[in-house]
Amino acid sequence: MTLNNHYSAIVIGAGPAGLTAGIYLSRARVKTLILNEGTAGGQMILTHEIANYPGVDNISGYQLSNIMKNQAKKFGCDIKANIIIGTLNLEGDIKEVILDDGTKYTADAVILSPGGRSRTLGVPGENELKGKGISYCATCDGDFFTDKEIFVVGGGNSALEEAVSLTKYASKVTIVHQFDHFQAFEFAIEEARSHPKINFMMESAITAFHGTEKIEGVEITDLKTNTKQNYPIDGVFIFIGYVANTEFLEGKIELNKWKEIVVDADMKTSINGVYAAGDSIVKRYRQVTTAVADGTIAALAASKYLHELNQKNKLIQHV
Ligand SMILES: Cc1cc2nc3c(=O)[nH]c(=O)nc-3n(C[C@H](O)[C@H](O)[C@H](O)COP(=O)(O)OP(=O)(O)OC[C@H]3O[C@@H](n4cnc5c(N)ncnc54)[C@H](O)[C@@H]3O)c2cc1C
């Protein structure tokens, strides 16, 4: 390990939470490295258009992520993308991050911001049409479907509540659910059932998406008879759960039963000097704005920790 591989702070994950942490830390003259598996930018780069990020009008997720990345780099933050973390040692005063190619980085503080992913149906056409008519976020994309007909997939509270919220925009919402009953609170079921714009296709599943530039239709399989039928549609919202990208943290840090990182109000985790931010932490609302807010708090708290650590080390040197 060369001295250059030691940073005051290492941020894991370059989505909006991690990039914001990088901006704040670097601007505070904290030597910072952001490590990202895959292309930096996080879920923003999957987002065709972000219309609800304050201060910027109709920007693509890709553009917004580039602005954040350049801002972090401008303040001196190092960003390494397309890496894979092999080993992570978070206990102790010096934290170690070892990549699968053997490169070892060390840091005095770590911010974990690996984000998360919506559960997908995993059927043909879904990957290609994500952000082109297939969405996993009503708050983000509902407005793009004003006066259009849409399908909502799922049968839990999120699916039913989001289906009702989408009726503000869509002319018709059809809930497609694999079972003959919902797994949701009675009031959520009642609200959806009594809504004049909501229809139901029970015991049915979307088994393929059709379209090239944007979604044009779906194949729906009737699970009772196993017959398939194609339907033209303007949009599909999928609400079948959310997964935090915390597999690599299991056994290393406190996670809740949904594998989300447990933090306090300062974004501090169960380990001293380790903070977390963004979609991977225990929280209810997952948006770019909330990720950016968490990243800010984590960076400020980590800066304070690093300052106190420095003071402590100076005192020890004096003794
Ligand atoms: C299709 C879509 C549309 C959306 N539209 C909007 C919108 O319009 N407005 C809005 O506010 N929100 C929107 N969201 C939600 C928003 O993008 C997220 O809430 C936000 O990106 C979360 O930020 P994050 O930094 O916590 O995590 P992420 O954006 O998920 O970023 C995490 C980063 O960490 C990296 N990573 C993961 N695991 C590791 C690891 N082990 N090692 C290193 N790096 C790792 C990932 O590659 C990723 O780059 C949308 C989400 C999707 C999927």
Side-chain angles (χ1 to χ4, degrees), residues 4-47 49-83 85 95 97 105-116 140 245 261 263-269 273-281 283 285-310:
N4 280 347
N5 279 8
H6 182 79
Y7 286 82
S8 296
I10 290 180
V11 178
I12 298 179
L19 291 170
T20 304
I23 291 168
Y24 271 79
L25 288 166
S26 305
R27 193 156 186 257
R29 309 279 193 271
V30 173
K31 189 184 175 204
T32 304
L33 169 68
I34 305 182
L35 294 169
N36 192 78
E37 200 174 74
T39 310
Q43 294 169 66
M44 285 189 292
I45 56 177
L46 303 173
T47 312
E49 186 183 340
I50 297 188
N52 54 5
Y53 189 75
V56 279
D57 208 8
N58 291 335
I59 191 164
S60 77
Y62 185 75
Q63 282 173 305
L64 186 58
S65 73
N66 267 341
I67 294 172
M68 290 187 191
K69 245 185 298 186
N70 290 334
Q71 211 173 347
K73 283 184 185 163
K74 191 182 80 184
F75 292 126
C77 185
D78 286 343
I79 303 178
K80 293 193 195 306
N82 300 308
I83 56 88
I85 293 174
K95 322 291 180 195
V97 184
Y105 296 102
T106 55
D108 302 310
V110 168
I111 295 180
L112 303 165
S113 49
C140 316
N245 294 328
I261 306 169
V263 289
D264 68 9
D266 282 344
M267 304 293 146
K268 186 178 178 309
T269 69
V274 181
Y275 299 80
D279 276 15
S280 56
I281 67 167
K283 67 175 180 179
Y285 299 111
R286 294 184 163 88
Q287 289 284 282
V288 176
T289 46
T290 57
V292 159
D294 298 341
T296 307
I297 296 168
L300 294 174
S303 296
K304 184 167 179 286
Y305 168 81
L306 289 167
H307 177 72
E308 287 167 1
L309 197 68
N310 266 338

Asker: With sequence neighbours excluded, tell me which residues meet side chain to side chain donor-acceptor pair (under 3.5 Å) with Asn310.
Answerer: none

Asker: Might you point out which heavy atoms bring Asn245 and Pro114 nearest each other, and give the distance in Å?
Answerer: ND2-O, 2.8 Å

Asker: Looking at Phe75, I'd like to know if its CZ atom is crowded, meaning that more than 12 non-hydrogen atoms belonging to other residues, nucleotides or ligands lie closer than 6.0 Å.
Answerer: yes

Asker: Enumerate donor-acceptor pairs with a distance under 3.5 Å from any side-chain N or O in residues 20-27 to protein atoms, sequence neighbours excluded.
Answerer:
from: Thr20; atom 1: OG1; to: Pro16; atom 2: O; distance (Å): 2.6
from: Ser26; atom 1: OG; to: Gly22; atom 2: O; distance (Å): 2.8

Asker: Quick one: closest heavy-atom pair of Leu306 and Ala109, and the distance?
Answerer: CD2-CB, 3.9 Å

Asker: Would you find a donor on one side and an acceptor on the other, under 3.5 Å apart, between the side chain of Thr290 and the backbone of Tyr285?
Answerer: yes

Asker: Mind checking the OG-CG spacing from Ser8 to Leu33? Nearest 0.5 Å is all I need.
Answerer: 11.5 Å

Asker: Minimum heavy-atom separation for Ala107 to Ile10, with atom names?
Answerer: CB-CG1, 3.5 Å

Asker: Would you say the side chain of Lys95 lies within less than 4.5 Å of the side chain of Val274, judging by non-hydrogen atoms?
Answerer: yes

Asker: Do Tyr105 and Leu35 have side-chain heavy atoms sitting under 4.5 Å apart?
Answerer: yes

Asker: Considering only heavy atoms from C-beta outward, does the side chain of Ile79 approach that of Asn36 to under 4.5 Å?
Answerer: no

Asker: Can you list the residues that meet the side chain to side chain donor-acceptor pair (under 3.5 Å) rule with Glu37, with sequence neighbours excluded?
Answerer: none

Asker: Output all residues satisfying side chain to side chain donor-acceptor pair (under 3.5 Å) with Gln63, sequence neighbours left out; order by chain, then residue number.
Answerer: Ser60

Asker: What side-chain donor-acceptor pairs closer than 3.5 Å can you find for residues 291-298, not counting sequence neighbours?
Answerer:
from: Asp294; atom 1: OD2; to: Gly278; atom 2: N; distance (Å): 3.1
from: Asp294; atom 1: OD2; to: Lys283; atom 2: NZ; distance (Å): 2.7
from: Thr296; atom 1: OG1; to: Val292; atom 2: O; distance (Å): 2.7

Asker: Output all residues satisfying salt bridge (charged side-chain N to carboxylate O under 4.0 Å, His left out) with Lys80, sequence neighbours left out; order by chain, then residue number.
Answerer: none

Asker: For residues 107-116, which residue pairs pass the side-chain hydrogen bond (donor to acceptor under 3.5 Å, both in side chains) check, not counting sequence neighbours?
Answerer: His6-Asp108

Asker: Donor-acceptor check, side chain of Thr289 to backbone of Gln287, threshold 3.5 angstrom: yes or no?
Answerer: no

Asker: How long is the gap from CG on Leu64 to OH on Tyr53, to the nearest 0.5 Å?
Answerer: 6.0 Å

Asker: Taking all atoms of both residues into account, what is the closest heavy-atom pair of Ile34 and Ala14, and its distance?
Answerer: CG2-CB, 3.7 Å

Asker: Which heavy-atom pair separates Tyr275 from Thr269 by the least distance, and what is that distance?
Answerer: C-CG2, 3.7 Å

Asker: Is any side-chain heavy atom of Gln43 closer than 4.5 Å to one of Arg286?
Answerer: no

Asker: Work out which heavy atom in Asp78 is nearest to a heavy atom in Tyr7; give both atom names and the distance.
Answerer: OD2-OH, 2.6 Å

Asker: Measuring from atom OG1 of Thr32 to atom CD1 of Ile111, what distance do you get when rounded to the nearest 0.5 angstrom?
Answerer: 8.0 Å

Asker: What residues form a side chain to side chain donor-acceptor pair (under 3.5 Å) with Asn66, not counting sequence neighbours?
Answerer: Lys69

Asker: Please name all residues satisfying side-chain contact (heavy atoms from CB on, under 4.5 Å) with Asp57, sequence neighbours left out, ordered by chain then number.
Answerer: none

